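Chain naming here is simple, since letters A, B, ... match the order of the sequence lines and numbering starts at 1 in each. Heavy atoms only: backbone and side chains are in, while hydrogens, waters and symmetry mates are out. Given the structure is predicted, the values throughout are model-derived calculations rather than measurements.
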2 protein chains.
Amino acid sequence: MKELLHAKGFKMTPQRELIFRTFFDMGRHVSADELSEKVRRKDRSIGHSTVWRTLKLICTVGLAQEVNIGDGITRYDRITRVPHGHLFCLECGEFVEFDAGDMISRLDKVASDSGFVPEGFKVEIQGYCKKCRQQSQESGR
Amino acid sequence: MKELLHAKGFKMTPQRELIFRTFFDMGRHVSADELSEKVRRKDRSIGHSTVWRTLKLICTVGLAQEVNIGDGITRYDRITRVPHGHLFCLECGEFVEFDAGDMISRLDKVASDSGFVPEGFKVEIQGYCKKCRQQSQESGR
DNA sequence: ATTGAAATTGAATATCGCTTTCAATTAGGA
DNA sequence: TCCTAATTGAAAGCGATATTCAATTTCAAT
């Protein structure tokens, strides 16, 4: 971890250590605010801006990527070996992952056909989850 | 057009007419600011907020949809019959569309497997376009 | 261990997209 | 024509993220 930072000219600090650990202990799709709150529960002296910046840093060194579903809140998702997409409920905001491994080769081809060297993929499905559909059915409509 | 609005309880106005026309004359992936600027070149008296609101309206009546690539700017893309994805250059911001028709059935299945009723799909590939790769190669690195 | 340049920090402030408010105006069915 | 609900433009507001800056800290080179 420290080495990874040093390799790119960054330094390790106690703040970063705590933020890194907290981020990787949390689930997926963490927003900056959520992380900031959790980090500051452990150490009140860490500033919001440090958390924001560290989150960007985690992306810069390639350990996470931004996920944007269009609600104005950027979430951060650690990069796993397994390429995956997101299912997202437009009503309650529930997030479900799905394996997108079998799409990759197709997407790779699409990219190279257009002269692009792909860096990342995003496959997202918006819709309505089971629970929300049942609820809206019960309540009259 | 007018009928489409009336059917959903909206009214047609001169402002909306101009904004609609301008939007559909522009290319794809128009941001609110771009549209606003173009509209206001034709009629300086139209307010920004009217443009924003009309853009939302166009989405509400189902003629366009928001596209979000994570740079904090929402773009609006008219809805075509052909489902498509986006290739996006991380360097210069170039946008290229590709046909995603053959992914739909797979995505539909993914959704229903999780109990979701899909409403929309987003397939995006980030990467580096040919031009930017050549340029960064020429300039030393 | 000490040093010193460069990176990092936290607080405050700024910015940037976008939304809302509000009083005045306008569209369009009755 | 009239009436009401929808719409307008300007301005203010909002929330997420970025930036500024002086003080502090890291760590490679001594």
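- Between B:Leu5 atom CG and C:dT26 atom P there is a gap of 19 Å when expressed in whole angstrom units.
- Contact annotation for B:His48: no contact, since no heavy-atom pair falls under 4.0 Å across all strands.
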Using atom types as modelled, flag every donor-acceptor pair under 3.5 Å from a side chain in residues 119-126 of chain B to any protein atom, sequence neighbours excluded.
none

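- For C:dA12, the paired base is D:dT19 (Watson-Crick or G-U wobble, both distances below 3.5 Å).
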- Message: For a quick check, with a 4.0 angstrom heavy-atom cut-off, what is the B/S/- contact string for nucleotides 1-8 of chain C, read 5' to 3'?
- Response: -----BSS
- Base versus backbone protein contacts along nucleotides 16-22 of chain C [heavy-atom cut-off under 4.0 Å; B, S, -]: -SSBBB-
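- Under the side chain to side chain contact (heavy atoms under 4.5 Å, CB included) criterion, B:Thr22 pairs with B:Leu18, B:Met26, B:Leu35, B:Lys38, B:Val39, B:Lys42, sequence neighbours left out.
- Residues that satisfy the side chain to side chain contact (heavy atoms under 4.5 Å, CB included) test with A:Ser31, not counting sequence neighbours, are A:Asp33, A:Glu34, A:Ile73, A:Arg75.
- In this entry the distance linking CG of B:Leu18 with C1' of D:dT7 reads 16 Å, nearest Å.
- Under the ring pair (Phe, Tyr, Trp, His ring centres under 6.0 Å) criterion, B:His84 pairs with B:His86, not counting sequence neighbours.
- For A:Lys109, the side chain to side chain contact (heavy atoms under 4.5 Å, CB included) criterion is met by A:Asp113, not counting sequence neighbours.
- Contacts between residues 35-44 of chain A and DNA chain C, counted as heavy-atom distances below 4.0 Å, involve no residue at all.
- As judged by a 4.0 angstrom heavy-atom cut-off over every strand, B:Lys2 is placed among residues touching the sugar-phosphate backbone only.
- The side-chain heavy atoms of A:His48 and A:Arg40, taken from C-beta on, include a pair separated by under 4.5 Å.
- Side-chain N/O atoms of B:His6 include none lying less than 4.0 angstrom from OP1 or OP2 on C:dA27.
- With contacts defined as side-chain heavy-atom distances shorter than 4.5 Å, the pair A:Phe98/B:Leu107 qualifies.
- Rounded to a whole Å, the CD1 atom of B:Ile58 is 14 Å from the P atom of D:dT7.
- Atom pair B:Phe20:CZ and D:dT7:P shows a separation of 10 Å (rounding to whole Å applied).
- When the side chain to side chain contact (heavy atoms under 4.5 Å, CB included) test is applied to B:Lys11, no partner is found at least two apart in sequence or on another chain.
- Remark: A:Asp102 pairs with B:Arg106 by the salt bridge (Lys or Arg N to Asp or Glu O under 4.0 Å) rule, at least two apart or across chains.
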What donor-acceptor contacts under 3.5 angstrom involve side-chain atoms of residues 58-67 of chain A, with partners at least two apart or in another chain?
residue: A:Thr60; atom: OG1; partner: A:Lys56; partner atom: O; Å: 2.9
residue: A:Glu66; atom: OE2; partner: A:Lys56; partner atom: NZ; Å: 2.7

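- Cluster note: A:Trp52 groups with no other residue, as no ILVMFWY side-chain heavy atom lies under 4.5 Å from it.
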